[in-house]
Amino acid sequence: HVQLVESGGGSVQAGGSLRLSCAASGDTYRGSYCVAWFRQAPGKEREGIAALWTGGTSRYYATSVKGRFTISLNTANKTLYLQMNNVKPEDTAMYYCAARGYCSRITYADSSGFPHWGQGTQVTVS
(Lines give C-alpha, C1' and ligand atoms only; values in the text may rest on other atoms or scores of the structure.)
Protein backbone atom coordinates (compact mmCIF):
# COMPACT_ATOMS: atom_id res chain seq x y z
CA HIS A 1 0.00 0.00 0.00
CA VAL A 2 1.40 3.38 -1.06
CA GLN A 3 1.13 6.19 1.46
CA LEU A 4 1.43 9.83 0.38
CA VAL A 5 1.75 12.82 2.69
CA GLU A 6 1.69 16.39 1.40
CA SER A 7 3.21 19.40 3.13
CA GLY A 8 4.23 22.96 2.39
CA GLY A 9 0.86 24.59 1.94
CA GLY A 10 -0.01 27.91 3.48
CA SER A 11 -0.94 31.49 2.76
CA VAL A 12 0.96 33.53 0.21
CA GLN A 13 0.47 36.84 -1.51
CA ALA A 14 -0.24 37.03 -5.22
CA GLY A 15 2.97 37.02 -7.20
CA GLY A 16 4.79 35.02 -4.54
CA SER A 17 6.11 31.47 -4.50
CA LEU A 18 5.45 28.28 -2.60
CA ARG A 19 6.85 24.76 -2.78
CA LEU A 20 4.71 21.76 -1.99
CA SER A 21 6.16 18.39 -1.07
CA CYS A 22 4.69 14.91 -1.18
CA ALA A 23 6.51 12.15 0.67
CA ALA A 24 5.89 8.55 -0.35
CA SER A 25 6.23 5.54 1.89
CA GLY A 26 4.99 1.98 2.21
CA ASP A 27 4.91 -0.41 -0.73
CA THR A 28 6.01 2.14 -3.30
CA TYR A 29 5.96 1.24 -6.96
CA ARG A 30 8.67 -0.86 -8.52
CA GLY A 31 9.69 0.08 -12.00
CA SER A 32 8.09 3.07 -13.72
CA TYR A 33 5.14 4.94 -12.24
CA CYS A 34 3.19 8.15 -12.59
CA VAL A 35 2.92 10.85 -9.94
CA ALA A 36 0.75 13.92 -10.20
CA TRP A 37 -0.58 17.01 -8.48
CA PHE A 38 -4.27 17.80 -8.40
CA ARG A 39 -6.14 20.66 -6.82
CA GLN A 40 -9.71 21.31 -5.81
CA ALA A 41 -11.23 24.67 -5.02
CA PRO A 42 -14.54 24.95 -3.11
CA GLY A 43 -17.46 24.18 -5.40
CA LYS A 44 -15.22 23.05 -8.25
CA GLU A 45 -14.16 19.70 -9.63
CA ARG A 46 -10.75 18.26 -8.87
CA GLU A 47 -8.28 19.45 -11.51
CA GLY A 48 -5.13 17.66 -12.62
CA ILE A 49 -2.43 20.30 -12.93
CA ALA A 50 0.91 18.53 -13.28
CA ALA A 51 2.26 15.03 -13.71
CA LEU A 52 5.27 13.01 -14.73
CA TRP A 53 5.86 9.39 -15.62
CA THR A 54 9.23 8.07 -14.48
CA GLY A 55 9.51 5.89 -17.58
CA GLY A 56 9.99 8.96 -19.76
CA THR A 57 11.17 12.55 -19.64
CA SER A 58 7.91 14.35 -20.33
CA ARG A 59 6.18 16.59 -17.84
CA TYR A 60 2.51 17.34 -18.24
CA TYR A 61 0.95 20.63 -17.19
CA ALA A 62 -2.51 22.10 -17.28
CA THR A 63 -2.81 25.32 -19.24
CA SER A 64 -3.77 27.14 -16.04
CA VAL A 65 -0.36 26.54 -14.47
CA LYS A 66 2.01 26.03 -17.39
CA GLY A 67 5.00 28.34 -17.18
CA ARG A 68 4.41 29.07 -13.49
CA PHE A 69 4.47 25.66 -11.78
CA THR A 70 7.15 22.98 -12.01
CA ILE A 71 6.80 19.34 -10.99
CA SER A 72 9.87 17.39 -9.95
CA LEU A 73 10.71 14.12 -8.26
CA ASN A 74 13.57 13.15 -5.98
CA THR A 75 13.71 9.36 -6.26
CA ALA A 76 16.38 9.06 -3.58
CA ASN A 77 14.09 10.34 -0.84
CA LYS A 78 10.83 9.41 -2.62
CA THR A 79 9.53 12.95 -2.54
CA LEU A 80 7.49 14.72 -5.18
CA TYR A 81 7.59 18.51 -5.39
CA LEU A 82 5.49 21.26 -6.91
CA GLN A 83 7.25 24.60 -7.22
CA MET A 84 4.63 27.30 -7.55
CA ASN A 85 5.79 30.69 -8.83
CA ASN A 86 3.87 33.85 -9.60
CA VAL A 87 0.84 32.48 -7.80
CA LYS A 88 -2.59 34.00 -8.38
CA PRO A 89 -5.74 34.15 -6.24
CA GLU A 90 -7.31 31.57 -8.55
CA ASP A 91 -4.62 29.11 -7.43
CA THR A 92 -6.32 28.96 -4.03
CA ALA A 93 -7.33 25.34 -3.46
CA MET A 94 -6.60 22.14 -1.62
CA TYR A 95 -3.66 20.48 -3.33
CA TYR A 96 -3.28 16.71 -3.52
CA CYS A 97 -0.58 14.40 -4.78
CA ALA A 98 -1.52 11.09 -6.36
CA ALA A 99 0.16 8.03 -7.84
CA ARG A 100 -0.63 5.35 -10.40
CA GLY A 101 1.30 2.93 -12.54
CA TYR A 102 1.24 4.82 -15.82
CA CYS A 103 -0.04 8.08 -17.26
CA SER A 104 0.21 9.96 -20.51
CA ARG A 105 -0.61 13.42 -21.80
CA ILE A 106 -4.16 12.15 -22.31
CA THR A 107 -4.72 10.44 -18.96
CA TYR A 108 -2.69 12.36 -16.39
CA ALA A 109 -5.57 14.66 -15.43
CA ASP A 110 -8.10 11.86 -14.93
CA SER A 111 -8.43 11.62 -11.16
CA SER A 112 -10.42 8.38 -11.39
CA GLY A 113 -7.32 6.58 -12.68
CA PHE A 114 -5.26 7.24 -9.56
CA PRO A 115 -5.65 4.70 -6.73
CA HIS A 116 -3.30 6.40 -4.27
CA TRP A 117 -3.87 9.85 -2.79
CA GLY A 118 -2.50 12.06 -0.07
CA GLN A 119 -4.69 13.90 2.42
CA GLY A 120 -4.12 17.31 0.83
CA THR A 121 -2.51 20.60 1.80
CA GLN A 122 -4.28 23.96 1.61
CA VAL A 123 -2.90 26.82 -0.46
CA THR A 124 -4.45 30.26 -0.09
CA VAL A 125 -3.40 33.15 -2.31
CA SER A 126 -4.50 36.67 -1.43
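A quick note: this is a predicted structure, and the numbers were derived from the prediction, not measured.
Residue pairs meeting the disulfide (SG to SG under 2.5 Å) criterion with at least one partner in residues 35-78, sequence neighbours excluded, do not occur; the list is empty. Within the structure, salt bridge (Lys or Arg N to Asp or Glu O under 4.0 Å) pairs that include any residue of residues 55-82 comprise Arg68-Asp91 (at least two apart or interchain). Screening residues 41-52 for side-chain hydrogen bond (donor to acceptor under 3.5 Å, both in side chains) gives Arg39-Glu47, Gln40-Arg46, Glu47-Ser64 as the qualifying pairs, with residues at least two apart or on separate chains. The salt bridge (Lys or Arg N to Asp or Glu O under 4.0 Å) contacts involving residues 109-126 comprise nothing, where partners must be two or more places apart or lie in separate chains.
A search for side-chain hydrogen bond (donor to acceptor under 3.5 Å, both in side chains) contacts involving Thr54 returns nothing, not counting sequence neighbours. Applying the side-chain hydrogen bond (donor to acceptor under 3.5 Å, both in side chains) rule to Thr92 yields no partners; only residues at least two apart in sequence or on another chain are considered. The side chain to side chain contact (heavy atoms under 4.5 Å, CB included) search around Gln83 returns Ser17, Arg19, Thr70, Asn85, not counting sequence neighbours. Residues passing the side chain to side chain contact (heavy atoms under 4.5 Å, CB included) test with Thr75 are Tyr33, Leu73, sequence neighbours excluded. Applying the side chain to side chain contact (heavy atoms under 4.5 Å, CB included) test to Pro42 and every residue at least two apart in sequence or in another chain returns nothing.
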Residues Trp117, Phe38; criterion side chain to side chain contact (heavy atoms under 4.5 Å, CB included); working and verdict = CA-CA 10 Å; Trp117 291 85; Phe38 287 77; 3.5 Å; yes
Side chain to side chain contact (heavy atoms under 4.5 Å, CB included) between Tyr95 and Gln122, worked out = CA-CA 6 Å; Tyr95 283 71; Gln122 177 68 38; over 6 Å; no
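Atom-to-atom distance recorded for Thr79:OG1 and Leu20:CG is 12.5 Å, nearest 0.5 angstrom. To the nearest 0.5 Å, atoms CG (Leu80) and OG (Ser72) are separated by 7.0 Å.
Judged purely by atom type and a 3.5 angstrom limit, Trp37 uses its side chain to pair as donor or acceptor with the backbone of Tyr81.
Put simply, the side chain of Leu82 reaches to within 4.5 Å of the side chain of Ile49, judged on heavy atoms.
Cluster partners of Trp53 are Tyr102, counting Ile, Leu, Val, Met, Phe, Trp and Tyr whose side-chain heavy atoms approach within less than 4.5 Å, directly or via other members. In this structure, Tyr108 shares a hydrophobic cluster with Tyr60, the cluster being traced through Ile, Leu, Val, Met, Phe, Trp and Tyr side chains under 4.5 angstrom apart.
Shown here for Ala62 and Gly48, the closest heavy-atom pair between the two residues is CB-O, 3.6 Å. Here the shortest heavy-atom pairing between Ser32 and Gly55 reads OG-CA, 3.4 Å. Looking at every heavy atom in both residues, Ala93 comes nearest to Ala41 through CB-N, 3.8 Å.
Residue Phe114 is not grouped with residue Val65 when hydrophobic side chains (ILVMFWY) are merged at heavy-atom distances under 4.5 angstrom, including chains of intermediate members. Hydrophobic clustering (side-chain heavy atoms under 4.5 Å, transitive across Ile, Leu, Val, Met, Phe, Trp, Tyr) keeps Leu18 apart from Tyr96. No chain of hydrophobic side-chain contacts below 4.5 Å, direct or via other Ile, Leu, Val, Met, Phe, Trp or Tyr residues, connects Met94 to Phe69.
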Enumerate, atom names and distances included, each donor-acceptor pair closer than 3.5 Å involving a side-chain atom of residues 3-13, sequence neighbours excluded.
{"unit_1": "Gln3", "atom_1": "OE1", "unit_2": "Ser25", "atom_2": "OG", "d": "3.3"}
{"unit_1": "Glu6", "atom_1": "OE1", "unit_2": "Gln119", "atom_2": "N", "d": "2.9"}
{"unit_1": "Glu6", "atom_1": "OE1", "unit_2": "Gly120", "atom_2": "N", "d": "2.8"}
{"unit_1": "Glu6", "atom_1": "OE2", "unit_2": "Cys97", "atom_2": "N", "d": "2.8"}
{"unit_1": "Glu6", "atom_1": "OE2", "unit_2": "Gly120", "atom_2": "N", "d": "3.3"}

